[in-house]
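Below: one structure, written as structure tokens.
Side chains are part of it too, since the values below use all heavy atoms of this structure and drop only hydrogens, waters and symmetry mates. Just so we're on the same page: letters track the sequence lines, and every chain starts at 1.
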Amino acid sequence: GQQVQQSPASLVLQEGENAELQCNFSTSLNSMQWFYQRPGGSLVSLFYNPSGTKHSGRLTSTTVIKERRSSLHISSSQTTDSGTYLCALASGGSNAKLTFGKGTKLSVKS
Amino acid sequence: AQTIHQWPVAEIKAVGSPLSLGCTIKGKSSPNLYWYWQATGGTLQQLFYSITVGQVESVVQLNLSASRPKDDQFILSTEKLLLSHSGFYLCAWSLQVSNERLFFGHGTKLSVL
């Protein structure tokens with residue numbers, strides 16, 4: 001089956017520092033989504049990014065399909081960025097079956 | 001604006017008892033709907049999805065069933081809970097099943113004792 005590997009498993013930053021989160025996947029024809037999971041558990045969609053680079057405020061997502069990887073860059077981190085970041089692989093671009101990574105737990109300290 | 005509401009927010013249930021979790025989407029007709037489950041400290045797993053009323057596809061069953069009795073409603077249920085059903089359940093919707101962002105409810109925390 002599909003495998004989604006996220007790294008690092010956890011990350012501690014001082015406020016203002018940048019973060020680079022990685023997601024690697026085992027199959028080649030897919031699209032990638034990034035989510036932020038709040039401490040309470042609910043998810044917020046950050047990016048739907050099948051390929052290329054997308055920006056949203058301080059967040060940047062880059063997906064390189066042929067290298068089977070996607071990254072999420074957080075610039076100038078804030079304490080409110082703390083939480084868990086999940087990537088999920090959609091086979092053939094379909095949400096009908098998403099495979100999630102285990103997540104990167106980010107803690108930003110003031 | 002579209003809203004997604006999950007109920008209940010939390011449940012504490014006994015092993016062997018029945019369960020029904022619900023999800024309602026307002027402000028969007030014919031949404032694609034999804035159920036996910038996450039064991040405490042575990043990886044989020046997709047359970048079911050539905051493209052239209054009355055049609056539900058299983059991804060991972062876990063001795064649970066799902067139904068879509070109305071266009072805006074998605075129900076997750078079982079007649080007999082297991083300890084392994086404990087965890088966090090999330091409902092989500094998207095406009096189309098492919099190439100679309102997902103929007104999630106706030107989730108239901110289930111504790112089976």
With hydrophobic residues grouped by side-chain heavy-atom distances under 4.5 Å, do B:Val53 and B:Val56 end up in a single group?
no
On a heavy-atom basis, which atom in A:Ser42 and which in B:Gly105 lie closest, and how many Å separate them?
CB-O, 3.7 Å
Answer key: most heavy-atom pairs under 4.5 Å with chain A among B:His106, B:Gln46, B:Gln45, B:Gln6 is B:Gln46
Under a 4.5 Å heavy-atom criterion, the part of residues 71-91 of chain B in contact with chain A comprises B:Phe88, B:Leu90
For atom NZ of B:Lys109, decide whether the heavy atoms of other residues, nucleotides or ligands shown that lie under 6.0 angstrom number more than 12.
no
Check whether A:Val12 and A:Leu72 end up in the same hydrophobic cluster, where Ile, Leu, Val, Met, Phe, Trp and Tyr are linked by side-chain heavy atoms less than 4.5 Å apart.
no
Answer whether the closest heavy-atom distance between the side chains of B:Tyr36 and A:Leu98 falls below 4.5 Å.
yes
Connected-component partners of B:Leu113 among ILVMFWY, side-chain separation under 4.5 Å:
B:Ile12
Rounded to the nearest 0.5 Å, what's the gap from NZ on A:Lys102 to CG on B:Leu44? Could you check?
13.5 Å
Cluster question for you: counting only ILVMFWY and a side-chain heavy-atom cut-off of under 4.5 Å, with indirect links fine, are B:Trp7 and B:Leu21 together?
no
Nearest non-hydrogen partners of B:Leu102 and A:Phe35, listed with the distance:
CD1-CZ, 4.0 Å
With a 4.5 angstrom heavy-atom cut-off, is it the side chain or the backbone of B:Gln38 that approaches chain A, or both, or neither?
side chain
Those residues at least two apart in sequence (or on a different chain) that pass side-chain hydrogen bond (donor to acceptor under 3.5 Å, both in side chains) with B:Thr43 are none
Do you reckon B:Leu19 sits in the same ILVMFWY cluster as B:Val15, going by side-chain contacts under 4.5 Å, direct or chained?
yes
Report yes or no: do A:Leu59 and A:Val64 belong to one cluster of Ile/Leu/Val/Met/Phe/Trp/Tyr joined by side chain heavy-atom distances under 4.5 Å?
no
When you measure from the side chain of B:Arg101 to the backbone of A:Phe47, do you find a donor-acceptor pair of N or O atoms at a distance under 3.5 Å?
no
Residues at least two apart in sequence or cross-chain that pass salt bridge (charged side-chain N to carboxylate O under 4.0 Å, His left out) with A:Lys54, listed by chain then number, are none
